[in-house]
Amino acid sequence: MRPTCLLPLLLAACATGAGPADLSSRLLAVHARERAAVGVPPLRWDPALAADADRWARNLARSGRLAHEPGINEGENLWSGTRGAFTPEQMAGAWVAERTAFRAGARDLARTGHYTQMVWRGTTAMGCALAAGAGQDVLVCRYSPPGNIAGRSPF
């Protein structure tokens, strides 16, 4: 990660009790657990994806909005919540909770798209970043290759 990106990440990580390395291992563990449950291999951490996620997380934290970055060629999951109130596991857990709405063969990205990106068989790498805004934490995870491809099953 670029040194200029560390301060926002460290501040947000301190609020959640997670340092940068701890954040990556904790988020990889959540993803690995979900992927194992559907029979797909774990993801590897990609520093370039984490740097992309960091740049966008800082932008969202500054702006106070939550929106996908336009024009990217990566999968992307976003989360925001009250600053310092949630662990990384709880943040990613919001995406995991979409599993209950998932139905094989159905395409409902509005209800299950975060979950299906987490477990997408063709995705092999991820990188995430956490940034602190005025009253919120923002988590951005990026995935490569991206998932949620029309006409394909996630696993």
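What's counted below: heavy atoms across the whole structure, side chains too, no hydrogens, waters or symmetry copies. For clarity, every value in this text was computed on a predicted model and none was experimentally measured.
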Separation of Cys128 SG from Asp46 CG (nearest 0.5 Å) = 11.0 Å
If the plane angle is over 60° it's perpendicular, under 30° parallel, otherwise tilted; pick one for His31 and Tyr143.
-> tilted
Under the side-chain contact (heavy atoms from CB on, under 4.5 Å) rule, what do Leu60 and Leu78 come out as? Steps first, then yes or no, please.
-> CA-CA 10 Å; Leu60 295 175; Leu78 306 176; 4.1 Å; yes
Flag yes if Leu27 and Met91 sit in one hydrophobic cluster, no otherwise; membership is Ile, Leu, Val, Met, Phe, Trp, Tyr, and two members link when side-chain heavy atoms are under 4.5 Å apart.
-> yes
What distance separates Asn59 CG from Asp54 CG, expressed to the nearest 0.5 Å?
-> 11.0 Å
Atom CG of Asn77 and atom CE of Met126: how far apart are they, to the nearest 0.5 Å?
-> 8.5 Å
Is there a path from Trp56 to Leu23 through hydrophobic residues (I, L, V, M, F, W, Y) whose side chains come within less than 4.5 Å of each other?
-> no
Could you state the interatomic distance from CZ (Arg111) to OG1 (Thr116), rounded to the nearest 0.5 Å?
-> 12.5 Å
Audit row: Arg142, Glu69, salt bridge (Lys or Arg N to Asp or Glu O under 4.0 Å) steps and yes/no = CA-CA 11 Å; Arg142 293 284 178 88; Glu69 183 172 11; 2.4 Å; yes
Can you check whether Gly81's main-chain N or O pairs, donor with acceptor, with Asp137's side chain at less than 3.5 Å?
-> no
Donor-acceptor under 3.5 Å (Glu98 side chain, Tyr115 main chain) = yes
Between His114 and Trp95, how do the two ring planes meet: parallel, tilted or perpendicular, split at 30° and 60°?
-> parallel
Expected output: side-chain Ser153 to main-chain Phe155 donor-acceptor under 3.5 Å | yes
Counting N and O atoms only, with roles assigned by atom type, does the side chain of Arg35 sit under 3.5 Å from a partner on the main chain of Trp120, one being a donor and the other an acceptor?
-> yes
Spatial distance of atom CD (Glu76) from atom CG (Asn148) [nearest 0.5 Å] | 12.0 Å
Minimum heavy-atom separation for Thr123 to Gly147, with atom names?
-> OG1-N, 3.9 Å
Interatomic distance, OG1@Thr82 vs CD@Gln136, rounded to 0.5 Å, equals 9.0 Å
